[in-house]
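Reviewing the structure listed below.
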Amino acid sequence: MRLNIISTLFAIVGFSASIFGQDSLDCRDFKTGRFHYIPPNGGEVTIRRTKKKQIERYNDENQKFIFEINWLDDCSYDLVLVNAKGLPKEKKKEIIGTQLHCRVVAVSLGHYEIEISEGASSKVEELTIFSNR
């Protein structure tokens with residue numbers, strides 16, 4: 001009986017820390033490297049991230065997006081689209097300069113979850129990004 005109570009307490013404390021303990025997230029492994037994610041419309045996107053740039057390639061299309069990345073703190077960063085390849089000129093002009101704010105909300109072995117918002121928009125999308133390490 002005592003063992004069940006102790007196990008339950010550890011589970012509650014661990015669950016609470018994962019929800020309320022944003023400060024305890026360790027995002028260092030995701031600041032640079034190679035990653036991938038599945039966008040809502042399908043396919044796969046590969047990411048190559050350096051200290052200053054993030055390059056995304058859409059595998060099912062011939063598109064490449066180049067962002068400047070600015071880490072605001074250990075688990076939040078902004079992306080600014082500086083170049084797009086494989087799009088018509090009109091579309092390119094329309095989206096260059098798009099700013100995205102990304103906040104890591106959960107970290108697990110080999111992947112992390114982020115919330116993404118565009119500019120001043122209140123719409124937030126969630127995405128899981130996997131490490132290729």
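Owing to the predicted nature of the structure, the values given are computational and were not obtained by experimental measurement.
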Below 4.5 Å, heavy atoms only, C-beta onward: do [X] and [Y] meet side chain to side chain?
X: Thr98; Y: Leu100; answer: yes
X: Cys27; Y: Val107; answer: yes
X: Trp71; Y: Asp73; answer: no
X: Lys53; Y: Glu68; answer: yes
X: Ile47; Y: His36; answer: no

Are [Y] and [X] connected into the same hydrophobic cluster when the rule is that any two of I, L, V, M, F, W, Y join if their side-chain heavy atoms are below 4.5 Å apart?
X: Ile116; Y: Val45; result: yes
X: Ile95; Y: Ile55; result: no
X: Ile69; Y: Val82; result: no
X: Ile96; Y: Ile66; result: no
X: Leu25; Y: Val124; result: no

Determine yes or no for a side-chain-to-main-chain donor-acceptor pair under 3.5 angstrom, with Lys64 supplying the side chain and Arg57 the backbone.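 No, Lys64 side chain to Arg57 backbone: no donor-acceptor pair under 3.5 Å.
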Between Ile114 and Ile129, is the side chain to side chain contact (heavy atoms under 4.5 Å, CB included) condition met? List the steps. CA-CA 8 Å; Ile114 60 172; Ile129 299 180; 3.7 Å; yes
Evaluate Leu79 against Cys102 for side chain to side chain contact (heavy atoms under 4.5 Å, CB included), listing each step before the verdict. CA-CA 8 Å; Leu79 295 172; Cys102 305; 4.0 Å; yes
Please report the shortest heavy-atom distance between [X] and [Y], naming the atom on each side.
X: Gln63; Y: Gly86; answer: CG-O, 3.8 Å
X: His111; Y: Phe30; answer: O-CZ, 3.7 Å
X: Thr32; Y: Lys51; answer: CG2-N, 3.8 Å

Polar contact flag, side-chain donor to acceptor under 3.5 angstrom, Tyr37-Glu56: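 A pair is found: one side chain offers a donor N or O, the other an acceptor, under 3.5 Å apart.
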Decide yes or no on salt bridge (Lys or Arg N to Asp or Glu O under 4.0 Å) for Lys91 and Glu94, but give the supporting numbers first. CA-CA 5 Å; Lys91 184 67 176 172; Glu94 184 181 314; 3.5 Å; yes
Can you establish whether the number of heavy atoms outside Lys31 located under 6.0 Å from its atom NZ is more than 12? yes
Pair Phe65, Tyr58 - check ring-ring contact (aromatic ring centres under 6.0 Å, His included), show working. CA-CA 9 Å; Phe65 298 90; Tyr58 287 73; 5.4 Å; yes
Flag this pair as yes if the NZ/CZ of Arg103 is under 6.0 angstrom from the six-membered ring centre of Tyr77 and inside a 45 degree cone about the axis; otherwise no. no
